[in-house]
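Here the structure is laid out as structure tokens; the discussion comes afterwards.
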Protein chains: 2
Amino acid sequence: MTKKRISESTIHRLSLYYRALSLLEKENYDTVSSKELAKREKLTPAQVRKDLSFFGTFGTRGLGYPVRELKHQISSILGIDRVWRVALVGVGNIGSALVSYKEFAKQGFQIVKLFDNDQRKIGSNHKGIVIADIANLENELRESNIEIVVLAVPATVAQYITDDVVRAGIKAILNFAPVNLKVPPDVYLRHENMSMELEYLSFALVNNHAPKRSK
Amino acid sequence: MTKKRISESTIHRLSLYYRALSLLEKENYDTVSSKELAKREKLTPAQVRKDLSFFGTFGTRGLGYPVRELKHQISSILGIDRVWRVALVGVGNIGSALVSYKEFAKQGFQIVKLFDNDQRKIGSNHKGIVIADIANLENELRESNIEIVVLAVPATVAQYITDDVVRAGIKAILNFAPVNLKVPPDVYLRHENMSMELEYLSFALVNNHAPKRSK
DNA sequence: ATATTCTTGTGAAGCTTTTCACATAAGCTG
DNA sequence: CAGCTTATGTGAAAAGCTTCACAAGAATAT
């Protein structure tokens with residue numbers, strides 16, 4: 001299977017296209033041009049066409065792209081046309097917020113397991129899910145067929161927990177802790193660093209940084 | 001003022017260096033090489049040196065970089081060697097979590113104002129801050145000398161609120177709503193799209209995507 | 001039916017970012 | 001203090017990503 005490596009940026013833009021298409025669908029558009037799609041996500045029409053062209057030809061010359069159809073295609077490319085079984089480790093501030101975060105569920109990311117190490121939380125029901133003891137993490141992850149693990153634990157323990165998660169055979173981890181994690185090469189690891197964007201704003205304000213191009 | 005435009009990636013990596021240096025400081029390192037710094041954040045030594053070279057020469061040949069000093073320099077470059085007055089709009093799931101999120105405060109982002117439109121919340125005390133009525137957003141932002149606004153509101157109302165925020169003269173906005181926002185060119189706008197990274201994981205799992213290079 | 005307009009898909013050009021590779025400088029060793 | 005080792009800073013090369021520009025296909029108008 002020879003895959004031309006798709007760039008990270010392209011994949012992230014697919015998420016944007018998906019979002020824009022969902023909105024366009026609600027607004028009852030049948031078709032949309034690369035120009036309009038670009039405008040809505042502050043990109044260029046050429047960028048939109050190029051991105052999509054990596055995956056096939058979805059448009060009609062002179063007309064544009066079929067909204068519903070393209071949305072469906074992108075969801076299939078991104079793998080969000082199905083349900084993913086997600087476990088969340090760490091039911092603190094961030095963790096609790098994520099459990100209730102509608103966007104996740106809407107895109108097929110179903111949080112079906114919660115773990116914490118706090119005795120007061122373990123066994124209690126949080127939004128319909130009983131919080132399990134993190135001590136049983138490895139076994140419970142295996143037994144419940146979890147495919148993706150979200151880490152919302154303190155930075156200091158993130159690596160230990162990651163090691164458990166990896167041992168359980170999980171191949172995809174989303175980490176909210178502000179620390180880099182070591183995982184084997186066959187495990188996909190992504191970071192959500194919420195301070196980073198604030199720091200970018202801070203940098204921009206202090207340095208009068210030229211804003212990003214916006215056509 | 002002629003500034004060579006620094007790339008977004010470089011700025012984001014500065015955040016990583018800062019984080020790594022904070023840890024190194026705790027571990028009582030006096031100096032660190034670009035090699036070690038790179039290893040800790042899964043980058044290359046050349047990348048580290050090049051990034052830093054945009055801002056000055058901080059290292060000593062044969063020895064490396066002075067940890068404390070470099071950390072301080074980076075915090076100054078990023079503008080996090082000071083306190084930023086931040087307002088948070090929308091005290092729901094995500095919003096509440098952000099108020100308690102220690103990382104922000106640690107880096108000088110002080111949330112000093114909260115706004116919501118829910119009558120049950122308005123006037124109540126949340127983690128030491130009284131929640132104000134979003135109806136008075138524009139005036140209150142002006143009066144309290146807010147410099148950065150964080151939006152954690154539903155996508156449907158995000159643009160209206162943004163317009164208010166812009167009218168209040170705010171020049172930096174961090175948006176958590178999954179929607180693109182229109183702002184004038186002199187306003188810095190960044191997005192925190194938490195679904196995006198999950199979608200990336202989903203894409204990677206489904207497509208057996210070659211993991212990012214990791215030296 | 002023909003002309004006109006619209007808009008895609010895509011090589012090629014242009015631009016940006018990363019990596020290479022090495023001169024240079026500082027510390028360390030004996 | 002000479003030789004060796006370590007590690008920065010940086011032009012230049014390489015790689016990667018975005019934009020350009022246009023041929024070609026499809027719809028619409030006359």
Side-chain angles (χ1 to χ4, degrees), chain A residues 3-17 20-21 24 29-67 69-70 73-74 77 200 209-215, chain B residues 3-17 20-21 24 29-67 69-70 73-74 77 200 209-215:
Chain A
K3 283 186 200 301
K4 168 174 46 210
R5 198 180 184 287
I6 302 293
S7 86
E8 193 172 314
S9 322
T10 292
I11 300 165
H12 278 161
R13 282 192 299 267
L14 287 186
S15 294
L16 300 182
Y17 303 147
L21 288 163
L24 284 159
Y29 281 75
D30 284 333
T31 59
V32 63
S33 65
S34 57
K35 194 174 160 194
E36 172 68 16
L37 209 39
K39 195 183 128 211
R40 292 193 172 217
E41 294 295 341
K42 284 201 198 112
L43 302 165
T44 64
Q47 179 92 82
V48 172
R49 297 201 298 276
K50 180 65 91 180
D51 281 339
L52 296 176
S53 78
F54 293 138
F55 301 98
T57 73
F58 307 109
T60 306
R61 289 168 194 231
L63 192 63
Y65 300 92
V67 171
E69 165 68 6
L70 181 59
Q73 293 280 357
I74 291 180
I77 293 165
Y200 188 100
H209 195 237
K212 256 188 93 124
R213 94 207 108 63
S214 54
K215 282 271 164 72
Chain B
K3 283 185 200 301
K4 167 175 46 207
R5 200 181 181 287
I6 302 291
S7 86
E8 191 172 316
S9 321
T10 292
I11 300 165
H12 279 161
R13 282 191 299 266
L14 287 186
S15 294
L16 300 182
Y17 303 148
L21 288 164
L24 284 160
Y29 281 75
D30 284 333
T31 58
V32 63
S33 65
S34 58
K35 193 174 160 195
E36 172 67 16
L37 210 40
K39 196 184 128 212
R40 292 193 172 218
E41 294 296 341
K42 284 200 199 113
L43 302 164
T44 65
Q47 179 93 81
V48 172
R49 296 200 299 276
K50 181 64 94 180
D51 281 339
L52 295 176
S53 78
F54 293 137
F55 301 98
T57 73
F58 307 109
T60 306
R61 289 168 193 229
L63 193 62
Y65 300 92
V67 171
E69 166 68 6
L70 182 58
Q73 294 280 358
I74 291 179
I77 293 164
Y200 188 100
H209 195 239
K212 258 188 92 125
R213 95 209 106 63
S214 53
K215 281 272 163 72

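Lettering follows sequence order; numbering is per chain, from 1.
Rounded to whole Å, the distance from CG on B:D51 to P on D:dT10 is 13 Å. If you take CG of B:L52 and P of D:dA7, they are 16 Å apart, rounded to a whole angstrom. Atom-to-atom, CZ of A:F54 to C1' of C:dG11 comes out at 12 Å; the value is rounded to the nearest Å. At whole-Å resolution of the value, CG in A:L37 and C1' in C:dT8 are 13 Å apart. Taking atom CZ of B:F58 as the reference point, atom P of D:dT10 lies 11 Å away to the nearest angstrom. Look at NZ on B:K35: it is 17 Å from P on D:dG9, rounded to the nearest Å. In this structure, CG of B:L70 is placed 14 Å from C1' of D:dG9, rounded to the nearest angstrom. If you take CZ of B:R5 and P of D:dT18, they are 14 Å apart, rounded to a whole angstrom.
For the pair B:Y65 and D:dG9, the criterion of a side-chain N or O lying under 4.0 Å from OP1 or OP2 is met. Note on A:Q47: a side-chain N or O is less than 4.0 Å away from OP1 or OP2 of D:dT19. The side chain of B:T44 places an N or O atom within less than 4.0 Å of a non-bridging phosphate oxygen (OP1 or OP2) of C:dT19.
In this structure, OG1 on A:T57 lies 9.0 Å from OH on A:Y65, to the nearest 0.5 angstrom.
For A:S34, taking side-chain heavy atoms from C-beta onward, the closest of the listed nucleotides C:dT10, D:dA12, C:dT8 is C:dT8. Taking the side chain of A:T57 as heavy atoms from C-beta on, and the options C:dG9, D:dA7, D:dT19, the nearest nucleotide is C:dG9. Among the nucleotides D:dG11, D:dG9, D:dA7, the one closest to the side chain of B:K50 is D:dG11.
Within the structure, salt bridge (Lys or Arg N to Asp or Glu O under 4.0 Å) pairs that include any residue of residues 51-63 of chain A comprise A:R13-A:D51 (at least two apart or interchain).
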Evaluate side chain to side chain contact (heavy atoms under 4.5 Å, CB included) for B:R40 paired with B:L24, printing each intermediate quantity in order.
CA-CA 10 Å; B:R40 292 193 172 218; B:L24 284 160; 3.4 Å; yes
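Qualifying salt bridge (charged side-chain N to carboxylate O under 4.0 Å, His left out) partners for A:E69, counting only residues two or more places apart in sequence or in other chains: none. Under the side chain to side chain contact (heavy atoms under 4.5 Å, CB included) criterion, A:K35 pairs with A:S33, A:P45, not counting sequence neighbours. Not counting sequence neighbours, the partners of B:T60 by the side chain to side chain contact (heavy atoms under 4.5 Å, CB included) test are B:L63.
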Generate the contact string for nucleotides 21-30 of chain C. Rules: B means base contact, S means sugar-phosphate contact only, - means no protein heavy atom under 4.0 Å.
B-BBBS----
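Comparing the local axis fitted to the first five base pairs of the helix from C:dA1-D:dT30 to C:dG30-D:dC1 with the one fitted to its last five gives a bend of 10°, rounded to 10°.
Taking 4.5 Å as the limit, some side-chain heavy atom of B:F55 sits within range of a side-chain heavy atom of B:T10. Under the 4.5 Å side-chain criterion, counting only non-hydrogen atoms from C-beta, A:L70 is not in contact with A:Y17.
Residue B:S34 forms a side-chain hydrogen bond (donor to acceptor under 3.5 Å, both in side chains) with just one option from B:R49, B:K50, B:Q47, B:K39, and that option is B:R49.
Nucleic acid contact for B:T10: none, since no nucleic acid atom lies under 4.0 Å from a heavy atom of the residue.
The two residues B:L52 and B:F58 come nearest to each other via the heavy atoms O-CE1, 3.4 Å.
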